[in-house]
Amino acid sequence: MSQFEFIFILVSIILGLALANLFGGIARLSRKSWNQLDGIHLVFSIITILMVFVVWWGMYRWQDHSQFEFETFVVIGLYTSVFYTLSVILFPHDGSIVDFDGARKSYYLALIIMLFLELAHYSVGEFEPPGYYGYVWGFAFLLLSAAIWARQRWLDSLVAAFMFLLYSGWWVVTKF
């Protein structure tokens, strides 16, 4: 077994648990009546699923990484663990359904942590981030910080639209 296969098994377990928790949470969420359904919560759940799939697919590029050091292993493990954390923030293990207003701060803080781990992810890898990455990273950081501070529903919608465009765009780019 190669180092990549060893690490990819860990990544697959973590991301698989995140998906299982998200799909189970959406199933619980769907049992609510339509007038009780928190639409932004559902949208962020779907976006988190998209993020997990895009990151899981993108992890395959590590197969050509020449040597995995302990720091690389820790960064990859922490980076993928953020997605499981996001799933638990949206859908806690006790089976409760929190509205997005109750999960907003924790969800956005986890995304900010993910942004910093993404910087570390690029620094330990042998590949360069896209040229526009710094602008997107800075805008995402400012947008998430503003959403934590302002606590406005329209800002949540803007974050959701940004994340959807970013990750669906990344999916399209990696497809070609």
Side-chain angles (χ1 to χ4, degrees), residues 3-4 7-8 10-19 21-22 40-41 43-63 65-92 98 100-152 155-171 173-174:
Q3 286 181 324
F4 168 74
I7 292 172
F8 202 71
L10 173 70
V11 167
S12 296
I13 290 169
I14 293 170
L15 296 177
L17 287 170
L19 284 177
N21 191 50
L22 286 164
I40 202 79
H41 192 164
V43 167
F44 274 111
S45 302
I46 292 168
I47 288 170
T48 305
I49 290 170
L50 175 65
M51 290 167 55
V52 168
F53 278 125
V54 168
V55 167
W56 203 343
W57 180 255
M59 285 289 175
Y60 194 70
R61 68 182 169 177
W62 283 90
Q63 72 176 340
H65 192 72
S66 59
Q67 181 66 30
F68 286 91
E69 302 295 330
F70 181 71
E71 295 81 22
T72 309
F73 178 71
V74 169
V75 167
I76 291 172
L78 289 174
Y79 180 67
T80 54
S81 296
V82 169
F83 296 97
Y84 180 73
T85 304
L86 290 170
S87 78
V88 172
I89 289 169
L90 289 172
F91 302 106
V98 295
F100 190 72
D101 291 335
R104 173 188 292 114
K105 184 176 180 183
S106 300
Y107 187 82
Y108 289 157
L109 283 174
L111 286 176
I112 288 173
I113 290 168
M114 183 193 76
L115 285 175
F116 283 102
L117 286 170
E118 202 168 78
L119 290 175
H121 186 261
Y122 275 116
S123 72
V124 297
E126 296 172 342
F127 31 83
E128 291 292 319
Y132 56 85
Y133 179 75
Y135 299 111
V136 172
W137 191 96
F139 180 75
F141 179 77
L142 290 174
L143 185 61
L144 291 169
S145 299
I148 290 172
W149 179 74
R151 293 178 294 211
Q152 297 290 320
L155 204 48
D156 294 339
S157 300
L158 182 63
V159 170
F162 172 75
M163 289 175 57
F164 178 76
L165 290 173
L166 179 67
Y167 280 93
S168 59
W170 186 250
W171 174 62
V173 166
T174 59

Is any side-chain heavy atom of [X] less than 4.5 Å from a side-chain heavy atom of [Y]?
| X | Y | value |
| --- | --- | --- |
| Trp62 | Val11 | no |
| Ile112 | Ile148 | yes |
| Val159 | Phe44 | yes |
| His121 | Val55 | no |
| Leu115 | Leu144 | yes |
| Ile47 | Val43 | yes |
| Trp56 | Thr80 | no |

Might you point out which heavy atoms bring [X] and [Y] nearest each other, and give the distance in Å?
| X | Y | value |
| --- | --- | --- |
| Ile76 | Phe68 | CD1-CE2, 4.1 Å |
| Ala18 | Val52 | CB-CG2, 4.4 Å |
| Ile89 | Ser106 | CD1-O, 3.4 Å |
| Leu86 | Ala110 | CD2-CB, 3.5 Å |

Other residues, nucleotides, ligands: >12 heavy atoms within 6.0 Å of Tyr122 OH: yes

From [X] [atom1] over to [Y] [atom2], what is the distance, rounded to the nearest 0.5 angstrom?
| X | Y | atom1 | atom2 | result |
| --- | --- | --- | --- | --- |
| Ile49 | Leu15 | CD1 | CG | 12.5 Å |
| Thr72 | Gln3 | OG1 | CD | 9.0 Å |
| Tyr107 | Ser87 | OH | OG | 10.0 Å |
| Ile7 | Ser12 | CD1 | OG | 12.0 Å |
| Thr48 | Met163 | OG1 | CE | 5.5 Å |
| Phe8 | Gln63 | CZ | CD | 9.0 Å |

Are Trp137 and Phe141 an aromatic pair, judged by ring center distance below 6.0 Å?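 Close enough - the centres of the two rings lie under 6.0 Å apart.
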
Test of ring centre spacing under 6.0 Å for Tyr108 and Phe100: yes

Measure the acute angle between the ring planes of Phe83 and Tyr79, then classify it against the limits of 30° and 60° as parallel, tilted or perpendicular. perpendicular

Describe, in one word, how the ring planes of Phe91 and His41 are oriented to each other, choosing from parallel (under 30°), tilted (30 to 60°) and perpendicular (over 60°). parallel

Would you say the side-chain atoms of Ser81 pair up with the backbone N or O of Gly77, donor to acceptor, closer than 3.5 Å? yes

Before giving the answer on side chain to side chain contact (heavy atoms under 4.5 Å, CB included), spell out for Leu143 and Leu155 the whole-Å C-alpha distance, their side-chain angles and the decisive distance to 0.1 Å. CA-CA 8 Å; Leu143 185 61; Leu155 204 48; 4.0 Å; yes

